[in-house]
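Sharing a structure, written as structure tokens. Questions coming.
Starting from 1, each residue takes its place in the sequence as its number.
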Amino acid sequence: MSENLKHSLESCSKSPERSSKISKTREEQEAEPMSQPSGIQRYLIAIEYIGTRFSGSQQQSNCRTVVGVLEEAFRKFIGQPVSIFCSSRTDAGVHALSNVCHVDIERISKRKPGEVLPPHEPTVVQKAVNHFLQKNEGDVMVVDVRQVPADFHARFKAQERTYFYRLLSGPEPLSIFEKDRAWHVPEDLDVLAMQEACKILVGHHDFSSFRAAGCQAKSPIRTLDELNVSEVISTPNFPTIPERKSNLVQEDTHCTNKSETNCHPSFNGGTYQGFGLRKKHRCFVVTARARAFLYHQVRLLVGVLKCVGTGDLKIPNVERILNAKTVTAASPMAPACGLYLGHVRYDLP
């Protein structure tokens, strides 16, 4: 990474006030009704990205952002500037398995300037934009494209958003393959206690205790439709010697309660396989699903759940934090690197 790019990322991440002002200006632009000239086609674009080298998703001056990189790829594709609007904003370091945005494109003939041609097929848009994205670090990719009506807005038409947060538990240093992809927690985590804490937080509440300063939402009231903790196989996952011998299909006959303990050898930290082979961390995923979230709400929720898992907080403390209605009552916020925007759901026409 060049020194100039590094300086840009650092300067952006240290200026939240500036970022908020830029985002607010763009929000006002999004809210304005726009007339759609004939010949312009609106596309809904689903993208995945690794957020490590981005200063967030929203466009910012002198910073590398997801929208900035995407707009540049579209400009190279169609030969003119475009404006892209995302369904969900993500901070610096936050990843996306599927964020969604919309863009308006007018297809102009290159042979006969001024002649408007029929809209590109979605597959053409996907392949062309990905071609240019791969020439720019390759940490963003278009995964789906659909033509939508001119009034379909990626943000305001979203019915539901799902976030995932990855925690890796274990005393061993984090693998370089997991660098900036999860929150490393050296302590053991009590997943059953974390699941009990989720039951208190799920539902319709005033989430002021899980709302970071600078949140622009008019109300702290939100309905959290789902909040749970699951243990999954840590990735990247490769078969161990016992797994290869069993062809990955035989179950451990000693496992008696599958609802509490997964029998796969890769769970529960794995086992020592010999010199030079790393012991695996236990991997936990927090899933949060709602129509909309407050600023930093998911990371603040995970911060509390992690403290419950390590025993630093008890179940009654979680209810106390929720009822306090102030962010100062919450545990330290979880880092951005473990957060993934998983899915944005629409009622598509």
Side-chain angles (χ1 to χ4, degrees), residues 26 30 34 36 39-54 56-59 64-91 94-107 117-166 181 225-226 235 285 287-293 298 339-349:
R26 196 168 181 98
E30 292 177 12
M34 297 179 63
Q36 187 82 315
I40 292 183
Q41 174 64 54
R42 177 161 293 188
Y43 294 90
L44 202 62
I45 313 290
I47 56 174
E48 64 180 11
Y49 51 86
I50 299 170
T52 306
R53 291 180 288 184
F54 289 108
S57 60
Q58 292 301 105
Q59 182 72 278
R64 186 171 186 264
T65 66
V66 175
V67 165
V69 168
L70 199 57
E71 286 182 347
E72 177 64 13
F74 269 95
R75 185 191 66 79
K76 292 180 178 178
F77 167 42
I78 65 174
Q80 54 188 333
V82 299
S83 293
I84 290 176
F85 300 96
C86 280
S87 66
S88 307
R89 300 168 184 171
T90 57
D91 292 329
V94 176
H95 317 292
L97 305 176
S98 180
N99 199 348
V100 180
C101 51
H102 74 255
V103 61
D104 296 329
I105 296 178
E106 184 177 31
R107 185 184 177 191
L117 300 177
H120 292 286
E121 289 296 321
T123 54
V124 173
V125 175
Q126 181 175 351
K127 291 179 181 179
V129 174
N130 278 337
H131 169 75
F132 292 109
L133 287 174
Q134 295 312 301
K135 293 185 176 183
N136 189 340
E137 305 291 345
D139 45 6
V140 187
M141 178 174 284
V142 176
V143 296
D144 206 355
V145 179
R146 179 176 293 198
Q147 294 179 342
V148 292
D151 62 348
F152 193 96
H153 199 288
R155 180 182 176 192
F156 302 127
K157 290 287 188 179
Q159 299 297 309
E160 188 177 76
R161 296 167 174 86
T162 301
Y163 283 89
F164 301 112
Y165 196 99
R166 297 182 70 235
R181 303 290 195 276
D225 296 308
E226 179 183 359
T235 57
V285 174
T287 301
R289 179 171 53 86
R291 184 181 182 90
F293 291 89
V298 177
L339 184 60
Y340 296 73
L341 173 56
H343 182 242
V344 183
R345 184 176 65 81
Y346 296 92
D347 291 333
L348 290 172

pair L70-Y49: side-chain heavy atoms closer than 4.5 Å: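 Counting from C-beta outward, L70 and Y49 never come under 4.5 Å.
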Contact summary for L44 and H102, nearest pair of heavy atoms: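 Taking every non-hydrogen atom into account, CD1-CB, 4.3 Å.
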Heavy-atom pair of closest approach, residues F85 and A154: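 Closest heavy-atom pair between F85 and A154: O-CB, 3.8 Å.
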Heavy-atom side-chain proximity of R75 to Q80 below 4.5 angstrom: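 Heavy-atom side-chain distance check fails, nothing below 4.5 Å.
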Heavy-atom closest pair, residues P122 and V145: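 Of all heavy-atom pairs spanning P122 and V145, the closest is CB-O, 3.5 Å.
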T65 to Q58 - nearest heavy-atom pair and separation: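 Heavy atoms only, the tightest pair is CG2-O, 3.0 Å.
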Listed partners of F152 passing ring pair (Phe, Tyr, Trp, His ring centres under 6.0 Å), at least two apart: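 By the ring pair (Phe, Tyr, Trp, His ring centres under 6.0 Å) rule, F152 matches Y346.
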Test item: L97 and E48 side chains (from C-beta on) under 4.5 Å apart, heavy atoms: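 Side-chain contact under 4.5 Å: no.
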Heavy-atom side-chain contact between R289 and T162 under 4.5 Å: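 In contact.
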Parallel, tilted or perpendicular, as decided by the 30° and 60° cut-offs, for the rings of F293 and Y163: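 Perpendicular.
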Aromatic contact, Y43 with H120 (centres under 6.0 Å):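 No, they do not, as the ring centres are separated by 6.0 Å or more.
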R345 with D347: basic N within carboxylate O range, under 4.0 Å: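 Salt bridge present between R345 and D347.
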Nearest non-hydrogen partners of V142 and N130, listed with the distance: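 V142 and N130 have their closest heavy atoms at N-OD1, 2.7 Å.
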pair R181-Y340: side-chain heavy atoms closer than 4.5 Å: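 SC-SC contact between R181 and Y340 confirmed.
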Close side-chain approach of V129 to K76, heavy-atom, < 4.5 Å: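 No - every pair of side-chain heavy atoms lies 4.5 Å or more apart.
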Residue pair D139 / F54: nearest heavy atoms and the distance that separates them: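 Distance-wise, the nearest heavy atoms are OD1-CZ, 3.4 Å.
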Salt bridge (charged side-chain N to carboxylate O under 4.0 Å, His left out) partners of E121, counting only residues at least two apart: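 Listed in chain order: nothing, the list is empty.
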Heavy-atom check, side chain of R107 versus side chain of P119, under 4.5 Å: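 R107 vs P119: side chains apart.
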